[in-house]
Amino acid sequence: AFILAFIFDNWARTGGEQALNTLFGLMIISSIGVVILSFVISFSMRKSSVKSTLIPIIIYCVLMGVMLSTFVLFLDWRLLGGAFLATSLIFGIMSLISLLSKGNLSGLAVVGMGLIFGSMIISLFTWFLSIISPATFETFYWIITFMMFAGMMFITMWDIYRIKKIAEEGELHGNVSLYCAFQLYVDFIYIFIRMVYFLAAFAGRNR
């Protein structure tokens, strides 16, 4: 992300619009690639060959780096650093809760998915509010955003708990270990992106 942002930052000083159009094209390609590879990795995880999962994961991480380069290019490094520290703290707390818990945390997945699907259903009706009451729409928008964020946090805790159980059963090897690492990476990146969004919105309101 930092390397690509450095390249485009220097290119934009000389190339101008051409550099921005190229970056926009890369963002579209990377977004599509990330979605496709998410399914490919899930399918490859069932195979016995470690290589079949490793290569798509590497490509996924590269494409994600391309997408995150826009953060580095357009946002202040202090905001990104704060988001990274906040994400690390949240992820660390959730990991401790999941790893030290003696109970069954399978219910967290149900709660997390319920929050996410519930927020998606609510969001289907919020566009009416943008016409009737823009102020109310903004309130519901933030409610939906925090519901999805909370849902993802519950799912992340469930992922960590599930990986702990897999390790205890001695099955954390090969494609399984790679897929578990990939799942934690995806969870961390999602929380990081949300934290960047929250901090950027907070900074914008205080200007």
Side-chain angles (χ1 to χ4, degrees), residues 1-42 54-92 94 112 115-116 119-120 123 126-127 130 134 137-138 140-153 155-156 159 178-179 181-207:
F2 279 96
I3 293 173
L4 191 62
F6 177 79
I7 293 173
F8 274 100
D9 183 52
N10 286 276
W11 187 9
R13 299 176 190 276
T14 57
E17 186 176 349
Q18 182 181 3
L20 293 177
N21 290 337
T22 303
L23 179 62
F24 181 71
L26 284 176
M27 292 301 107
I28 296 177
I29 295 173
S30 299
S31 301
I32 297 173
V34 163
V35 174
I36 294 175
L37 283 172
S38 297
F39 293 101
V40 171
I41 293 170
S42 298
L54 179 60
I55 293 177
I57 288 177
I58 292 175
I59 298 174
Y60 181 98
C61 292
V62 172
L63 294 179
M64 183 60 70
V66 173
M67 294 176 62
L68 293 179
S69 65
T70 55
F71 287 2
V72 182
L73 193 58
F74 298 112
L75 297 177
D76 188 89
W77 66 270
R78 290 169 294 185
L79 187 147
L80 296 178
F84 181 81
L85 290 176
T87 302
S88 300
L89 180 62
I90 293 172
F91 203 85
M94 291 190 299
L115 286 171
I116 291 176
S119 60
M120 292 174 64
S123 65
T126 54
W127 69 276
S130 64
F137 168 77
E138 183 178 359
F140 271 91
Y141 173 79
W142 280 108
I143 292 174
I144 293 170
T145 299
F146 282 111
M147 282 179 61
M148 294 192 69
F149 183 67
M152 192 61 199
M153 291 179 67
I155 291 175
T156 299
D159 286 337
L178 286 172
Y179 183 75
F182 167 76
Q183 192 60 56
L184 293 179
Y185 170 80
V186 172
D187 293 342
F188 187 92
I189 290 297
Y190 177 87
I191 296 173
F192 173 71
I193 291 174
R194 281 298 177 184
M195 290 307 302
V196 170
Y197 177 76
F198 292 150
L199 291 179
F202 178 76
R205 285 177 175 268
N206 289 311
R207 286 181 180 176

May I ask you to decide if the ring planes of F192 and F188 are parallel, tilted or perpendicular, using 30° and 60° as cut-offs?
-> parallel
Identify the two heavy atoms, one from L199 and one from G82, that lie closest to each other, and give their separation to 0.1 Å.
-> CD1-C, 3.8 Å
Is any side-chain heavy atom of V186 less than 4.5 Å from a side-chain heavy atom of Y60?
-> yes
Do other residues, nucleotides or ligands put more than 12 heavy atoms under 6.0 Å from the CD1 atom of I28?
-> yes
Kindly indicate whether the side chain of Y179, heavy atoms from C-beta on, has any atom under 4.5 Å from the side chain of I57.
-> no
Measure the CD1-CG distance between I41 and L178 for me, rounded to the nearest 0.5 Å.
-> 10.0 Å
Euclidean distance, M195 CE relative to S88 OG, rounded to 0.5 Å | 10.5 Å
Can you check side-chain contact (heavy atoms from CB on, under 4.5 Å) on V72 and W77, steps first, answer last?
-> CA-CA 7 Å; V72 182; W77 66 270; over 6 Å; no
Does the side chain of V196 come within less than 4.5 Å of F84's, by heavy atoms?
-> no
Flag the pair M148 / L115 as yes when at least one side-chain heavy-atom distance between them is below 4.5 Å, and no otherwise.
-> no
Is the Y197 to W142 ring centre distance short of 6.0 Å?
-> yes
Rounded to the nearest 0.5 Å, what's the gap from CE on M64 to CG on L37? Could you check?
-> 10.0 Å
Does the side chain of F198 come within less than 4.5 Å of F146's, by heavy atoms?
-> yes
Should the heavy atoms of other residues, nucleotides or ligands under 6.0 Å from OH of Y185 be counted, would the total exceed 12?
-> yes
Would you say the side chain of L4 lies within less than 4.5 Å of the side chain of L68, judging by non-hydrogen atoms?
-> no
CZ/R194 to CD1/I189 distance, rounded to the nearest 0.5 angstrom?
-> 14.0 Å
Ring centre gap for F149 and Y190 strictly below 6.0 Å = no
So, do M67 and L63 sit near enough that their side-chain heavy atoms are less than 4.5 Å apart?
-> no
In this structure, are over 12 heavy atoms from other groups packed under 6.0 Å from M27 atom CE?
-> yes
OG1 of T87 to CG of L80, rounded to nearest 0.5 Å, is 10.5 Å
For S69 and A1, which heavy atoms make the closest approach, and how far apart are they?
-> CB-O, 3.4 Å
Atom pair CG (D187) and CG (D159), whose distance is rounded to the nearest 0.5 Å | 4.5 Å
